[in-house]
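This report concerns only the one structure given below.
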Amino acid sequence: MALEKAPEWKVYLDDELQKPYMQALKQFLRAEKDAHKVIFPPSNEWFHALEATPLSQVKVVILGQDPYHQPGQAHGLCFSVRPGVRVPPSLQNIYKELQADLGVRPVSHGYLDTWAEQGVLLLNSVLTVEHSKANAHQGQGWEAFTDRIIGLVNEQRENVVFMLWGSYAQKKGSVINLNKHLVLKSPHPSPLSAHRGFLGCRHFSQANLYLEQHHQAPINWQLPDSV
């Protein structure tokens, strides 16, 4: 576990990586690999969200739960999949809401790196998962590490928009200072719950309006047609 490719985060998180709970997590992941279990995403992409969005550039935070657990999907950004992979159902609903809210045209891929490059921190609560076993790595330590990341954004940045979709994300975001940041809450975009208030939440236009009101460039949510 190393953060060399995320130097702004590394300054704050190096000490965190040395804490007993992170050492225990490392041992757990090593044991899983030694047992020939397949872990997603590959280890060089565990911290891709931090590498793609430096701390000083964070404008929006979207919280996910854990990575996709089928081959070729997860690459370290929540809700995002690699080019050439079918767009997952939750992301299809995100695209529907973007189109209804801002007229953003849905694309045929689910690769969200251009959002990350503009300051959208796409952070899962748990950064690894076992092949075909959703939530297999919950409770091993990642949650405390990503709590620290959220805490850093809360402390070090101002006027960030936190999009908390579903009760899990809302609980995890409970530490956010509402006097410094905008917190937007809705049900999760999953097909099981999107119709209960995610569709129609208008979070994307609210986020851009807030950013502009605080003298920041809005996010261009339109993804390129091809990647």
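Everything numeric in this text was worked out from a predicted model, so none of it was measured.
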- Is there a side-chain contact between V11 and L55 (heavy atoms, below 4.5 Å)? no
* **Flag, side chain of H109 to backbone of P224, donor-acceptor distance under 3.5 Å** => yes
In short, A74 meets P67 closest at the heavy-atom pair CB-CB, 3.9 Å
Rounded to the nearest 0.5 angstrom, the CG-CE distance for L25 and M1 is 4.0 Å
The side-chain contact (heavy atoms from CB on, under 4.5 Å) partner of Q216 among V60, N159, V160 is N159
Residue pair S80 / H75, side-chain donor-acceptor N/O under 3.5 Å: yes
Regarding Q138 and N135, is there a side-chain donor-to-acceptor distance under 3.5 Å anywhere?
-> yes
Notebook entry, point to check: Do V61 and F47 sit in the same hydrophobic cluster, where Ile, Leu, Val, Met, Phe, Trp and Tyr count as joined when their side-chain heavy atoms come under 4.5 Å apart?
Noted result: yes
For this session: Apply side-chain hydrogen bond (donor to acceptor under 3.5 Å, both in side chains) to the pair H48 and D113, showing each step before the final yes or no.
Result: CA-CA 10 Å; H48 182 46; D113 263 54; 3.2 Å; yes
Task: Salt-bridge criterion met for K180 and E158 (N-O under 4.0 Å) - done: no
When rounded to the nearest 0.5 Å, the distance separating NE2 of H203 from CG of L184 is 4.5 Å
Between S174 and K171, the two heavy atoms sitting closest are OG-O, 2.9 Å
Query - Y210 and Q206: CA distance, side-chain angles, deciding distance, side-chain contact (heavy atoms from CB on, under 4.5 Å) verdict - result: CA-CA 6 Å; Y210 179 84; Q206 289 180 66; over 6 Å; no
When rounded to the nearest 0.5 Å, the distance separating CG of L63 from CG of L122 is 10.0 Å
| said: Within the 3.5 Å criterion, strictly below it, is a donor on Y12 or Q156 matched to an acceptor on the partner's side chain? | reply: yes
Test log, rule side-chain contact (heavy atoms from CB on, under 4.5 Å), inputs N124 and L127: CA-CA 6 Å; N124 276 316; L127 301 187; 4.2 Å; yes
Are W165 and L112 connected, step by step, through hydrophobic side chains (Ile, Leu, Val, Met, Phe, Trp, Tyr) whose heavy atoms are closer than 4.5 Å? yes
query = Stepwise, does the side-chain hydrogen bond (donor to acceptor under 3.5 Å, both in side chains) test hold for T146 with K172?
reply = CA-CA 9 Å; T146 52; K172 194 168 178 70; 2.9 Å; yes
Answer whether the closest heavy-atom distance between the side chains of D66 and H137 falls below 4.5 Å. no
- Are N208 and I219 side-chain neighbours, meaning at least one heavy-atom pair lies under 4.5 Å? yes
**Asked** Using a distance-only test with no angle check, is there a side-chain donor-acceptor pair under 3.5 angstrom linking T128 and W142?
**Response** yes
Checklist line | Expected output: side-chain T53 to main-chain V58 donor-acceptor under 3.5 Å | finding: no
What one should report as the nearest heavy-atom pair of N177 and N179 is OD1-N, 2.8 Å
| request: Verify the ring-centre separation between F40 and H131: is it less than 6.0 angstrom? | output: yes
Checklist entry - Does Q118 offer a backbone N or O that forms a donor-acceptor pair with the side chain of Q57 under 3.5 Å? => result no
Does E16 come within less than 4.0 Å of K10, counting only side-chain N to carboxylate O?
no
Exercise. So Q65 and V126, side-chain contact (heavy atoms from CB on, under 4.5 Å) or not? Walk me through it.
Worked result: CA-CA 6 Å; Q65 199 156 342; V126 176; over 6 Å; no
Next on the checklist: Counting C-beta onward and ignoring hydrogens, is there a side-chain heavy-atom pair between N93 and K96 closer than 4.5 Å?
Outcome noted: yes
In this structure, CD1 of I39 is separated from NZ of K133 (nearest 0.5 Å) by 11.5 Å
Q) Should V175 and I62 be counted in the same cluster of Ile, Leu, Val, Met, Phe, Trp and Tyr side chains packed under 4.5 Å apart? A) no
When rounded to the nearest 0.5 Å, the distance separating CG of L182 from CE of M163 is 8.5 Å
CG of L121 to CH2 of W115, rounded to nearest 0.5 Å, is 13.5 Å
Heavy atoms of G141 and Y21 approach each other most closely as O-CE1, 3.2 Å
Side-chain heavy atoms of V104 within contact of Y95, under 4.5 Å:
no
Give the intermediate values and the outcome of side-chain contact (heavy atoms from CB on, under 4.5 Å) for residues D15 and Q18. CA-CA 5 Å; D15 287 349; Q18 305 311 316; 5.5 Å; no
Practice task
Verify whether one side chain among E8 and S56 offers a donor that lies under 3.5 Å from an acceptor in the other.
Solution key: yes
Would you please indicate yes or no on a ring centroid separation below 6.0 angstrom for F162 and H181?
yes
Indicate yes or no: at least one non-hydrogen side-chain atom of L209 is less than 4.5 angstrom from one of Q213. yes
L29 with V129, same ILVMFWY side-chain cluster at under 4.5 Å: no
Between P83 and Y111, the two heavy atoms sitting closest are CD-CD1, 3.4 Å
>> Hydrophobic cluster membership, with links at side-chain heavy-atom distances under 4.5 Å among I/L/V/M/F/W/Y: are W46 and L123 in one?
In response: yes
Looking only at heavy atoms, the pair that brings R202 and S205 closest together is O-OG, 3.2 Å
Looking at R105, is its backbone amide N or carbonyl O close enough to the side chain of Q99 to form a donor-acceptor pair, meaning the two atoms are under 3.5 Å apart? no
Any non-hydrogen side-chain atom of F145 less than 4.5 Å from a side-chain atom of L17? yes
(request) Could you check if a side-chain atom of V38 sits within less than 4.5 angstrom of a side-chain atom of E130, using non-hydrogen atoms only? (result) no
Decide ring-ring contact (aromatic ring centres under 6.0 Å, His included) for F79 and H188; before the verdict, give the C-alpha distance in whole Å, the side-chain angles of both, and the deciding distance to 0.1 Å.
CA-CA 11 Å; F79 293 106; H188 194 276; 5.7 Å; yes
